[in-house]
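Okay, structure first, notes after.
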Amino acid sequence: MVVSCGETTRLGISSSTNAAHFMPRSLTRAKSAPVKSSPVRGSLTSFQALVSAWFAVHQRDLPWRKSQDAYRVWISEIMLQQTQVATVKEYFRRFTSELPTVHDLAAAEEEKVLRLWEGLGYYRRARQLHAAAKEIVQRFEGDFPQQLEQIQSLPGIGRYTAGAIASIAYGQKTPILEANTQRVYARLIGWEEDLTTSASQKRLWEFAEDILPDRDVGAFNQALMEIGSLVCTPKAPDCHNCPVSDHCEAFRQKRQEEIPKPKKKIQFIPITEVALVVRRKNEVLVRQCGPDERWAGLWDFPRFSADQNKPLDQIEDKLKQAAGIEGSLGDHLTTIKHGVTKYRITLLCHEMSFLKGRLRPQAGPDGQARVWQWREVSHLSDLPLSTTGRKLAKLV
DNA sequence: AAGACGGGGAC
DNA sequence: GTCCCAGTCTT
């Protein structure tokens with residue numbers, strides 16, 4: 001490790017190899033006030049310089065890096081929550097092209113916002129984004145707030161996203177901590193414990209704050225995430241091409257594959273469901289999902305949980321009870337297997353022809369009676385649907 | 001502290 | 001198949 005003159009080593013003034021006695025008295029520190037040791041192995045300024053230099057060369061060309069406009073930074077950060085960069089790219093382009101400003105978003109119909117979000121998942125993000133835009137127009141007169149606390153007060157914005165926006169859009173010295181940086185930081189400090197405990201989170205946020213440079217914080221934060229994404233990967237991290245391997249405790253111990261501890265895996269629960277394409281002339285029956293269920297705000301075909309062994313048992317009764325209409329079960333269309341959080345769903349899709357009855361009136365998510373509706377098949381493209389709903393709609 | 005919330009990329 | 005992803009919000 002190279003320590004340049006004047007920098008503090010990890011051992012601070014207790015190091016016997018530093019050049020303190022060659023320096024003017026004014027640059028040395030009194031023993032009675034020991035300096036806080038560097039948060040990383042070696043010197044912090046060296047670490048920061050290596051991170052920034054690496055980023056200048058290796059950063060990807062991403063659509064949200066073309067400007068620092070707070071609105072665009074915000075949209076990208078929300079889209080990127082639990083969602084990979086590759087997936088977000090095209091969604092970001094389309095969304096910001098259709099709704100270029102916070103005013104456009106605030107004024108848009110929810111249906112339009114959800115349609116732009118369709119396929120991205122975690123749809124609450126889209127509804128909260130929409131709600132936040134309205135709040136920004138009302139509370140902040142259309143100007144995206146700059147104070148960290150105000151940013152985080154917006155729906156859908158937690159500590160990570162607030163820190164990301166404040167640093168990237170406004171250059172504020174605010175820390176971030178997300179999937180990439182949790183892994184990077186845990187390795188840098190050789191953190192042994194499960195990352196999900198509150199003690200671990202506290203330590204990692206503290207580290208994130210301790211390493212911040214005084215300038216270009218937004219680039220620095222993005223650089224650490226980029227290193228996590230491209231170099232310091234969950235499996236087989238590319239330590240020999242890592243700009244900060246000299247500063248990494250896990251690498252020093254050759255335990256980068258063991259740190260951080262793997263997350264405990266979730267036990268999947270297999271379930272069987274039936275979706276119905278209920279036809280009445282050139283219309284089909286659809287339903288808007290309520291605010292407290294999966295795909296809240298999106299539309300879906302009538303869908304029922306079913307017994308794995310006899311999934312179609314009493315299916316006509318289930319439809320009658322839910323929607324108030326009578327139908328006759330028809331052909332099997334397709335079977336779609338998909339996962340939602342901890343569930344592995346086998347979805348049997350069947351035709352059903354309309355016989356008689358009037359749709360049961362029910363209050364929709366906004367209080368209006370439109371949970372169940374007949375929709376022209378040709379207009380299904382206007383409705384925001386879940387991914388399975390869209391697959392089914394394409395077959396209709 | 002744990003669970004809910006989606007869908008797809010990468011191996 | 002498995003693991004993981006630029007998290008947030010609610011129990």
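By convention in this document, chain letters (A, B, ...) are assigned in the order of the sequence lines, proteins followed by strands, and residues within each chain are numbered from 1.
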Point to revise | Side chain A:Arg124 and base C:dT8 donor-acceptor under 3.5 Å | key: yes
Point to revise | Closest to the A:Glu178 side chain, choosing from B:dG6, B:dG7, C:dA6 | key: C:dA6
Exercise for review: Would you tell me if any nitrogen or oxygen in the side chain of A:Thr161 comes within less than 4.0 Å of OP1 or OP2 on C:dT8?
Suggested key: yes
Exercise for review: Output yes when at least one side-chain N/O atom of A:Gln82 is less than 4.0 Å from OP1 or OP2 of C:dG7, else no.
Suggested key: yes
Check your understanding: When the P atoms of C:dT11 and B:dG6 are considered, how many whole Å apart are they?
Key -> 15 Å
Check your understanding: How do A:Lys263 and A:Arg159 order along DNA chain C: which one's closest nucleotide is nearer the 5' end?
Key -> A:Lys263
Check your understanding: Cation over ring, A:Arg375 on A:Trp299, under 6.0 Å and within 45°?
Key -> yes
**Study point:** Presence of donor-acceptor pair under 3.5 Å, side chain of A:Thr83 and base of B:dG6
**Key:** yes
Practice item. Write down the distance separating the P atoms in C:dA6 and B:dG3, rounded off to the nearest Å. Key: 24 Å
**Study point:** Salt-bridge criterion met for A:Glu77 and A:Arg125 (N-O under 4.0 Å)
**Key:** no
Exercise for review: For nucleotides B:dC5 and C:dC5, find the distance between their C1' atoms and express it as a whole number of Å.
Suggested key: 14 Å
Review point. Below 3.5 Å, does any donor atom in the side chain of A:Tyr160 face an acceptor in the base of C:dG7, or the other way round?
Key: no
**Study point:** C:dT8 and B:dG9, which share atom name P, separated by this distance in whole Å
**Key:** 23 Å
**Study point:** A:Glu118 bridged to A:Arg390 by N-O distance under 4.0 Å
**Key:** yes
Check your understanding: Can you tell me how far P in C:dC9 sits from the matching atom in B:dG8, rounded to whole Å?
Key -> 24 Å
Check your understanding: Is any NZ, NE, NH1 or NH2 atom of the basic residue among A:Arg280 and A:Glu283 found under 4.0 Å from an Asp or Glu carboxylate oxygen of the other?
Key -> yes
Review point. Is the phosphate of B:dA1, meaning OP1 or OP2, less than 4.0 Å from a side-chain N or O of A:Thr197?
Key: no
Review point. What is the distance, rounded to the nearest whole Å, between atom NZ of A:Lys265 and atom C1' of B:dA2?
Key: 19 Å
